[in-house]
Amino acid sequence: MSSSLVTTTPTHRQHPPSIDRLTFLVDKSKSIKHLLQTHALLLRHGLHHHPILNFKLQRSYASLGRLDYTVALFQRTHNPSVFFWTSIIHSHAQCGLHDLALMYYTQMLTNGVEPNCFTFSAVMKTCPLRPGKALHSQTIKLGFDSDLYVRTGLVDVYARAGDVVSARQLFDTMPEKSLVSLTAMITCYAKRGEVEEARVLFDGMEERDVENAGGEIKPNELTVLSLLSACGQLGALESGRWLHSYIENNGIQVNAHVGTALIDMYSKCGSLEDARLVFDMINEKDVVAWNSMIVGYAMHGFSRDALQLFHEMCRLSCQPTDITFIGVLSACAYAGLVSEGRAFFSSMKDEYGIEPKIEHYGCMVNLLSRAGQLEEAYEFVKNMKIDPDPVLWGTLLGACRLHGNITLGEEIAEFLLGQNLANSGTFILLSNIYAAAGNWDGVARVRTLMKHSGIQKEPGCSSIEVDNKVHEFLAGDRRSPRSKEIYMMIKEMNQWLKAHGYTPQIDTVLHDLGERERSNPLKFIVRNLLLLSG
DNA sequence: TTAGGGTTAG
């Protein structure tokens, strides 16, 4: 790789450009071609070993995605200082090459070079490869842990590991907060689904608490992103709308990233119209924005809109990704477009060069089995180039339940048990297949088997937001202080449903429900929903 | 001459 690097014999001119001028030229080289020309100029003047220029060259190659050139230059650097080591660690960490970044860090220590604050900031990007705690003690030992950037990095390390207690403790004892540490904390809460906690921190930015040297800390594009994502996951439409108006009223730019998070939030909360309004307003849509809207339509059964958007995207020369095809194939599955789905599946690789992943095979199984082509779906799985995973088997078993195909369901379940691939979902699905066929002995056998193997099904959970508070419900849940009113309302809704001619489909529901529960349609809907979500 | 936070998925 180093062979392609510029090699020119130095020739000394009378008036070489100043170091400042050359530094400026390196910084301004925004393409590889341009940078190579500047590099050649440095070589001509024999200035490529100048510490600042050499350093800048290494950084620029890395930022243009040519880590190979950076490494080649680094290897030729005589006695690299802590600046160079930190930079090579940072470049690798930035590209996700965590093990290599760590290797350079170890080499640096072996060479007797003392790390500094910047080194720790770079190494912290390699977590969770390197346990946060070990790194934390090292920063304390060297007295760097109160440095703003190091502390922010530590908060982020613990936050990303989901250790909200340690992250919060480090955050609370920060001598001065930074927007980045706040965003890291908010993201941590949001990822855990603790939207209220995240909101408290977010609101705190507005009001009081946050003390920093530069005065008030204002949320920016990045701060709202994970919060929006959490609203979507919890179906918290009110919070999501509030955040949207906050964005509009506080000069936060609705760029492609924020726009995508808004599209995702609205579509997950079921408001496709709002999602589309945001989508249409994004000026420079990237592929993630297109994907988000296509997937949003597909998941809600708006297959025509999803496919229309896909064609529009291709017309505008936006290259689809593997996620685009998740949306496209799901859209076909919802609309029963079997031959179109097959064609899209083939075109993924043939036309777009995208290798189908397990998810795409899952979409195809879904597509075929929804269309009643269960045997074809099973054949498809057996002939797959990659190993099926539990989710895919679950899709197939779910299809067996839907079509009441006990024989195939049993065959698959036995295969999974034999291969030690069965999970709680396998048992529940098998049990449901028996229930669907009225085979209560089969149901009882599965229940006994589950008991003996100590397998328990995690209860499914659903949530709803009322007055900015997210409420969670499990089947038969009576934890809410207002559960009496809730169940009264369920009763009322049941009566309404019955009066309007709703007949519950009770055959697929688990055996352990009493007759009274079985005749309660809404409970069945809820229960089935919970089973599906579990 | 060096540093930290984010969005789409069967």
Side-chain angles (χ1 to χ4, degrees), chain A residues 19 23 26-27 50-60 62 81-91 93-94 115-125 144 147-157 159-160 178-188 190-191 219-230 232 255-265 267-268 275 282 286-296 298-299 321-327 329-330 333 356-367 388-396 398:
Chain A
I19 299 297
T23 310
V26 177
D27 283 341
H50 185 281
I52 296 175
L53 294 172
N54 183 7
F55 182 82
K56 288 267 180 189
L57 268 181
Q58 292 192 27
R59 294 304 305 246
S60 297
S81 66
V82 64
F83 295 124
F84 284 86
W85 283 106
T86 301
S87 175
I88 200 91
I89 294 167
H90 179 255
S91 304
Q94 193 84 355
N116 61 20
C117 293
F118 299 96
T119 323
F120 280 109
S121 277
V123 179
M124 270 187 282
K125 277 183 159 271
F144 294 143
D147 172 86
L148 180 66
Y149 282 82
V150 171
R151 179 62 76 92
T152 302
L154 283 169
V155 169
D156 183 49
V157 162
R160 268 190 296 173
S178 64
L179 175 57
V180 179
S181 60
L182 248 166
T183 305
M185 247 358 277
I186 288 173
T187 301
C188 180
K191 285 248 148 62
N220 65 6
E221 284 83 8
L222 276 69
T223 323
V224 297
L225 282 176
S226 46
L227 209 43
L228 280 171
S229 165
N255 56 20
H257 288 185
V258 175
T260 302
L262 281 167
I263 292 169
D264 180 55
M265 181 276 292
S267 64
K268 286 221 173 81
I282 303 173
D286 60 6
V287 66
V288 187
W290 285 97
N291 286 352
S292 188
M293 196 64 235
I294 290 172
V295 169
M299 298 309 160
T321 66
D322 53 338
I323 295 171
T324 320
F325 282 95
I326 302 261
L329 294 174
S330 307
K357 290 190 193 167
I358 189 86
E359 288 89 344
H360 302 98
Y361 285 98
C363 288
M364 287 306 288
V365 170
N366 198 17
L367 171 78
D389 69 351
V391 185
L392 195 122
W393 286 120
T395 309
L396 205 50

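Quantities reported herein were computed from a predicted structural model and do not represent experimental measurements. Letters A, B, ... are given to chains in the order of the sequence lines, protein chains preceding strands, and every chain is numbered from 1.
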Inset, instruction - Kindly say if A:Gln94 contacts the phosphate of B:dG4, meaning a side-chain N or O under 4.0 Å from OP1 or OP2. - result: yes
Inset, instruction - Find the distance A:Phe84:CZ to B:dA3:P and express it as a whole number of Å. - result: 14 Å
Legend entry - Nearest listed nucleotide, side chain of A:Asn116, among B:dT8, B:dT2, B:dA3: B:dT2
Inset, instruction - May I ask you to say what A:Ile294 touches in the nucleic acid, namely base, sugar-phosphate or nothing, with a heavy-atom cut-off under 4.0 Å? - result: nothing
Inset, instruction - Have a look at A:Ile323 and say if it touches a base, only the backbone sugar-phosphate, or nothing, with a 4.0 Å heavy-atom cut-off. - result: base
Legend entry - A:Thr119 vs B:dT2: side-chain N/O to OP1/OP2 distance below 4.0 Å: no
Inset, instruction - Figure out the CG/P separation between A:Leu225 and B:dT7, and round it to whole Å. - result: 7 Å
Inset, instruction - Classify the nucleic acid contact of A:Val295 as base, sugar-phosphate or nothing, counting any heavy atom under 4.0 Å across all strands shown. - result: sugar-phosphate
Legend entry - Distance-only donor-acceptor test, A:Thr187 side-chain atoms vs B:dG5 base atoms, 3.5 Å: no
Legend entry - Salt bridge A:Lys268-A:Asp264, side-chain N to carboxylate O under 4.0 Å: yes
Legend entry - Among B:dT1, B:dA9, B:dT8, the one nearest A:Lys56 by side-chain distance: B:dT1
Inset, instruction - For A:Ser181, check side-chain hydrogen bond (donor to acceptor under 3.5 Å, both in side chains) against everything at least two apart and list the hits. - result: A:Ser178
Inset, instruction - Would you classify A:Leu262 as touching base, sugar-phosphate or nothing, given that sugar-phosphate means primed atoms plus P, OP1 and OP2, and contacts are heavy atoms under 4.0 Å? - result: nothing
Legend entry - Spacing between A:Asn291 atom CG and B:dA9 atom C1', to the nearest angstrom: 9 Å
Legend entry - B:dG4 base stacked by A:Tyr149 (centroids within less than 5.5 Å, tilt under 30°): no
Inset, instruction - Return no unless some side-chain N or O of A:Arg59 is found under 4.0 Å from OP1 or OP2 of B:dA3. - result: yes
Inset, instruction - Can you tell me the distance, in whole Å, between the CG atom of A:Asp286 and the P atom of B:dT8? - result: 12 Å
Legend entry - Whole angstrom value for the distance that separates P of B:dG4 from CG of A:Leu182: 18 Å
Inset, instruction - Round to a whole Å and report the spacing from CD1 of A:Ile263 to P of B:dA9. - result: 12 Å
Legend entry - Which residues share a salt bridge (Lys or Arg N to Asp or Glu O under 4.0 Å) with A:Asp286, sequence neighbours left out: none
Inset, instruction - Using the side chain to side chain contact (heavy atoms under 4.5 Å, CB included) rule, pick out the option among A:Ile263, A:Thr324, A:Ile323 that qualifies with A:Val295. - result: A:Ile323
Inset, instruction - Can you see which heavy atom on A:Val155 is nearest to which on A:Met185, and at what distance? - result: CG1-SD, 3.9 Å
Legend entry - A:Leu392 CG - B:dA9 C1' separation (whole Å): 15 Å
Inset, instruction - Apply the side chain to side chain contact (heavy atoms under 4.5 Å, CB included) test between A:Trp393 and each candidate in A:Asp389, A:Leu396, A:Val391; give the one that qualifies. - result: A:Leu396
Inset, instruction - Look at the side-chain N and O atoms of A:Lys268 and state whether any lies under 4.0 Å from the OP1 or OP2 oxygen of B:dT7. - result: no
Inset, instruction - For A:Met265, answer base if it contacts any base atom (sugar-phosphate contacts may also be present), sugar-phosphate if it contacts only those atoms, and nothing otherwise; contact means non-hydrogen atoms under 4.0 Å. - result: nothing
Legend entry - Candidates B:dT7, B:dG4, B:dA9 - which lies nearest the side chain of A:Thr260: B:dT7
Inset, instruction - Could you tell me whether A:Leu53 contacts a base, only the sugar-phosphate backbone, or nothing, with contacts defined as non-hydrogen atoms closer than 4.0 Å? - result: nothing
Inset, instruction - Determine: side-chain N/O of A:Lys125 to OP1/OP2 of B:dG5, distance under 4.0 Å, yes or no. - result: yes
Inset, instruction - Would you indicate, yes or no, if B:dA9 has its OP1 or OP2 atom less than 4.0 angstrom from a side-chain nitrogen or oxygen of A:His360? - result: no
Legend entry - Check: A:Asp389 side chain, B:dG10 base, donor-acceptor under 3.5 Å: yes
Legend entry - Interatomic distance, A:Leu148 CG vs B:dG5 C1' [rounded to whole Å]: 13 Å
